[in-house]
Structures are given as C-alpha cells and as structure tokens.
Participant: 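My questions all concern the structure below.
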Amino acid sequence: WLNYYEDKRSCRAKLQQNFVIMVYFCIIVASFILQFLVCFQRDIIFLNEEVCVANKTIDVHRVCCHSHIVTAFVVPDLLILISYLFGIYLFSHAETEYLSKLAEEVFTKTARATGEQFPKKLIVTISAYFLAGIAWIISSFVLRLLYLVAFEYWDSDMIVQWNNNFEISGSIKQALIALSIIGFIFLDLVYAASIINYAIQSELNVYLLKAIARLVDNKLYRDLDEAYKEIDNAERNLRVLNGKTATGASLVIFNLSISAIVSFQKLEQLSNGKALPPHNLAHSLFVTSLNTLLWAAMVVFAFVQASRVTAAGLGLKRSGVSRRSRPFQYTASQQSDLDSFVLYTQAVKLRAKLFGVPVVPRVMHATVAVLCFVLIMMARIDLYNPYQYV
C-alpha cells in the first residue's frame, strides 16, 4: 500500500510491489472460496433446522450448508474485497503524503502549545493502537481454533454437505479448514489495517484540534489571521478523514457490525437450545460470547475515535466563543475582527463522520444507555439469558 506509481524507484522494485499486492489479493479470494466450500464463517452456528435430516432423524454429524449463502458469504466477502481494493487506491493514488504531513503538523503544533519538544503521550497512544490491532488479530485466530473445538467442526466424523450430491469430509475437510483458518489471518489484517488507520488519523486530528484550541486560549498566535489559517487547515484535514479514510473504515465497520449482531443472535439461540447440540455447551457459550465481544469491540473503538474528534472540534468552537468574552487577550485586534472570529469558529464544520453521518458525543452516550437498557431487559424477560441467573 505504498505510492508505487509516483515513486521514482526502479521498475524492478515497482514490479515486486505490484506482485506482492496481487499475491495478497489472490490469497484473499482463495480464502473466500475455501470458506465457502467447507461452509465455515466467523459467525455461523448451525441450528437444528439447518442440519441434514436422514430417515426422518437429525444427523448431528452431517451439516447441510444451504441457507443464507448470499448474506453469510457473498456480501461479507465482497465488502472486505472492496475494502482491500479501496485501501490500495487510497495509499497508492490519493494524497499519499497526507498522513506524514499531518503527523508533522501535529508534532509542531503540540510542541508549540505545550512547550514539549517530543509529545511522548501521543507516541505511546499510537503505539498502543498498533499493539491493540495485533492483539485483535491474535485473539481472532485463537477464537477460530476454539470454535472448531467447541462445535466439533474439526472432527473427521463431521460431514459438510451441499445439496444431495456433493459432500466434504475426513482429511480433505480438515485440510480445507486449516487453509481457511490461515486465510482468516489475511482477512483480519485488512480489518485491523482499516480500523487502526482510521483510529490513528483520528487521534492525530484530536491532538491537532486541542493544540489549536490551547494556542488560541493562551494567545500564542501573533494575530487572528494566523488562527484563521490554522483552523481552516484543520477543517481540510477533517474533510480527508471524513472522505476516503472514513469510507474504507465504514465498509469494515458494516461487516463487523453484521458479524457482532448475528453472533449475538446465535448466542441467544444457543442458550435456548435451538442450536446444534455441541459436546460442551458451556464452552460453546463462552466462545460465542467472546466472538460477539471481539467484533463489537472493533466497531465501538471506531465510533469512540470519531466521537473524540467531534468533541475536540466542539472544544475549539468553545475557545472561539471565549475570545469574545475576553477581548483583552487580543488587544491589537478590533472588536469587529473578534466578532468575525467567533462567527467563523461557530460556522466551521469540525466533526467526524462515519457512513456520511456526523458522530456526536451526546448521541453516542444516549445510544450506549439505550443498548444497556435493552440488554438488561432482554435478560430479565429471558429473551437472552445464557446462564439463567443474570
């Protein structure tokens, strides 16, 4: 995902980079095909009505993969493939130097506002995001292995059947599952790269907006014209964040949201005895619960970052209003200039967006409160109560 079209390196280096991109693309497509063949997806739990019926009795060792093919395989696979291709376009064609320029600007403004030559907190935060992405990929891989054990999907006796004439079992099925597990690692890299990239850019914008607000509050600008330029530049940075970067992240968030919701719904069915009985019900409930939390954590993380950007923008707007109430800080500026600055800061759009919709902190707080209320009520009325004593 580098700028290999505008780079002045040798043709050999460019061909090598293109080759790596195409190999990764082929691995992703092959992973999709393998998952489809063995009917193995992140959030699939086979229900009683989905298992094969032979001689009017349920065969718990034979699974028919015939329902929800489009929504369970085709749509998620297309979304993640589009996310990968969009990432290639984003980092190879569109404003490739934007991130480095933004980081340089953030470091400069933060050092000027705080007096620190090296913003250690920012470096630690960005490093923590990278480590969190790696931990998420490892957790996803471990959960895939636990899933195979919990639902006995790895057992050689378990047969995957398509229609009545095609079935996969034994060592062939196990080999295909092992390859699909490896393919999941590459898919998780796409997920993590999109979300972590959005989170890091959001964090940089948060620090930039806070630095500008502090510079305005402490009258560290020579005049209001310099503040105008800085705020206008911050708005341009947010337009990039809300454009290409948010589009790629939104595709991944949509996919992860579906997985989290479906996994939660399967957890409810599993707890109520509607799913295919596994060997260890407690183990299966545990794995399914972790699945739900894993997908939901990435979605919540992206929305929290977007909310923090909007909160930083609101803080900068409040700093603009405070200049009107404390005009003696800018004695060289006329009263009309201060009024214009207040109007400008209130009119400028300093909000983060996902799916093209502004993410507002108070709306996020209300959403969390409603979700907590709904989950508690579902547990109380036994719509969802895996442990029967919650």
Side-chain angles (χ1 to χ4, degrees), residues 1 28 31-32 35 41-45 71-72 75-84 86-87 90 125-147 181 183-206 241-242 244-267 286-310 352-357 359 361 363-365 367-368 371-372 375:
W1 292 1
I28 291 178
S31 177
F32 294 156
Q35 294 167 29
Q41 191 55 277
R42 300 170 181 272
D43 48 28
I44 285 183
I45 297 176
T71 55
V75 174
D77 293 348
L78 284 177
L79 287 177
I80 193 172
L81 192 60
I82 293 173
S83 300
Y84 175 73
F86 191 83
L90 181 63
T125 302
I126 292 177
S127 301
Y129 290 164
F130 277 112
L131 294 177
I134 296 174
W136 188 87
I137 294 173
I138 295 174
S139 300
S140 178
F141 175 74
V142 172
L143 280 177
R144 298 285 69 73
L145 299 180
L146 293 177
Y147 176 93
I181 289 291
F184 273 124
I185 299 176
F186 291 89
L187 299 182
D188 288 337
L189 285 172
V190 177
Y191 281 124
S194 298
I195 299 298
I196 298 302
N197 173 56
Y198 180 81
I200 290 176
Q201 292 195 34
S202 298
E203 192 69 27
L204 291 173
N205 279 280
V206 167
L241 178 68
N242 295 331
K244 304 177 180 66
T245 306
T247 301
S250 296
L251 292 173
V252 174
I253 291 171
F254 183 81
N255 226 0
L256 291 174
S257 299
I258 292 177
S259 295
I261 294 172
V262 172
S263 184
F264 179 81
Q265 185 251 351
K266 298 292 186 180
L267 178 62
F286 176 72
V287 172
T288 310
S289 300
L290 290 182
N291 264 335
T292 306
L293 293 176
L294 187 69
W295 314 137
M298 213 52 144
V299 175
V300 171
F301 178 55
F303 276 98
V304 167
Q305 286 298 98
S307 178
R308 292 181 64 239
V309 173
T310 303
K353 296 180 180 180
L354 285 172
F355 300 98
V357 179
V359 181
V363 176
M364 287 289 296
H365 298 159
T367 302
V368 171
L371 286 177
C372 291
L375 290 176

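Side chains are part of it too, since the values below use all heavy atoms of this structure and drop only hydrogens, waters and symmetry mates. What you see is a predicted model; the values in this text were computed from it and never measured.
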Participant: At their closest point, which heavy atom of A352 faces which heavy atom of A306, and how far apart are they?
Facilitator: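 Where A352 meets A306 most closely, the heavy atoms are CB-O, 3.3 Å.
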Participant: Would you call F186 and V190 a side-chain contact if the rule is heavy atoms closer than 4.5 Å?
Facilitator: no
Participant: Without swapping roles, check the side chain of S257 against the backbone of I253 for a donor-acceptor pair under 3.5 Å.
Facilitator: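 Yes, because the side chain of S257 sits within donor-acceptor range (under 3.5 Å) of the backbone of I253.
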Participant: Run the side chain to side chain contact (heavy atoms under 4.5 Å, CB included) check on W136 and I195 step by step: do they pass?
Facilitator: CA-CA 11 Å; W136 188 87; I195 299 298; over 6 Å; no
Participant: Rounded to the nearest 0.5 Å, what separates atom CG in L354 from atom OG1 in T247?
Facilitator: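 Reported value, rounded in 0.5 Å steps: 9.5 Å.
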Participant: Determine the minimum heavy-atom distance between L294 and S140, stating which atoms define it.
Facilitator: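 Closest approach of L294 to S140, heavy atoms only: CD2-CA, 3.6 Å.
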Participant: Ignoring hydrogens and angles, tell me if any N or O in the side chain of S194 forms a donor-acceptor pair with the backbone of A249 under 3.5 Å.
Facilitator: no
Participant: May I ask you to test the V363-V359 pair for a side-chain heavy-atom distance under 4.5 Å?
Facilitator: no
Participant: Please check: side-chain N/O of N242 versus main-chain N/O of K353, any donor-acceptor pairing under 3.5 Å?
Facilitator: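 Yes, the answer is positive, given that a donor and an acceptor are paired below the 3.5 Å cut-off.
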Participant: Distance check, rounded to the nearest 0.5 Å: L81 atom CG versus S31 atom OG?
Facilitator: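 Rounded to the nearest 0.5 Å, the CG-OG separation comes out at 11.0 Å.
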Participant: Which distance, rounded to the nearest 0.5 Å, do you find between the CD1 of I185 and the CD1 of I138?
Facilitator: 10.0 Å
Participant: Is there side-chain contact between F301 and I196, with at least one heavy-atom pair below 4.5 Å?
Facilitator: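 Yes - at least one pair of side-chain heavy atoms lies under 4.5 Å apart.
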Participant: Is there a side-chain contact between R144 and D188 in this structure, where contact means two heavy atoms from C-beta onward sitting under 4.5 Å apart?
Facilitator: no
Participant: So, taking the atom named CD1 in I200 and the one named OG1 in T245, what distance separates them when rounded to the nearest 0.5 Å?
Facilitator: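 Going from the CD1 atom of I200 to the OG1 atom of T245 covers 11.5 Å.
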Participant: Side-chain contact test, heavy atoms from C-beta onward, threshold under 4.5 Å: evaluate it for Q305 versus Q201 and give yes or no.
Facilitator: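 SC-SC contact between Q305 and Q201 ruled out.
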Participant: From L290 CG over to Y147 OH, what is the distance, rounded to the nearest 0.5 angstrom?
Facilitator: 14.5 Å
Participant: Please work out whether the ring planes of F355 and F303 are parallel, tilted or perpendicular, with thresholds of 30° and 60°.
Facilitator: parallel
Participant: Are E203 and Y129 packed together at the side-chain level, in the sense that at least one heavy-atom pair is separated by less than 4.5 angstrom?
Facilitator: yes
Participant: Roughly how far, to the nearest 0.5 Å, is the CG atom of L189 from the CD1 atom of I137?
Facilitator: 4.5 Å
Participant: On a heavy-atom basis, which atom in T292 and which in A260 lie closest, and how many Å separate them?
Facilitator: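 Shortest heavy-atom separation between T292 and A260 comes out as CG2-O, 3.7 Å.
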Participant: Testing the basics here: between G133 and A192, what is the closest heavy-atom pair and its distance to 0.1 Å?
Facilitator: O-CB, 4.2 Å
Participant: How about N255 and W295: do any of their side-chain heavy atoms sit closer than 4.5 Å?
Facilitator: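 No, their side chains stay 4.5 Å or more apart.
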Participant: Contact between L204 and I126 at the side-chain level, heavy atoms closer than 4.5 Å - yes or no?
Facilitator: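 Result yes, sub-4.5 Å side-chain heavy-atom pair found.
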Participant: Looking at Q35 and L187, what are the two nearest heavy atoms and their distance?
Facilitator: NE2-CD1, 3.2 Å
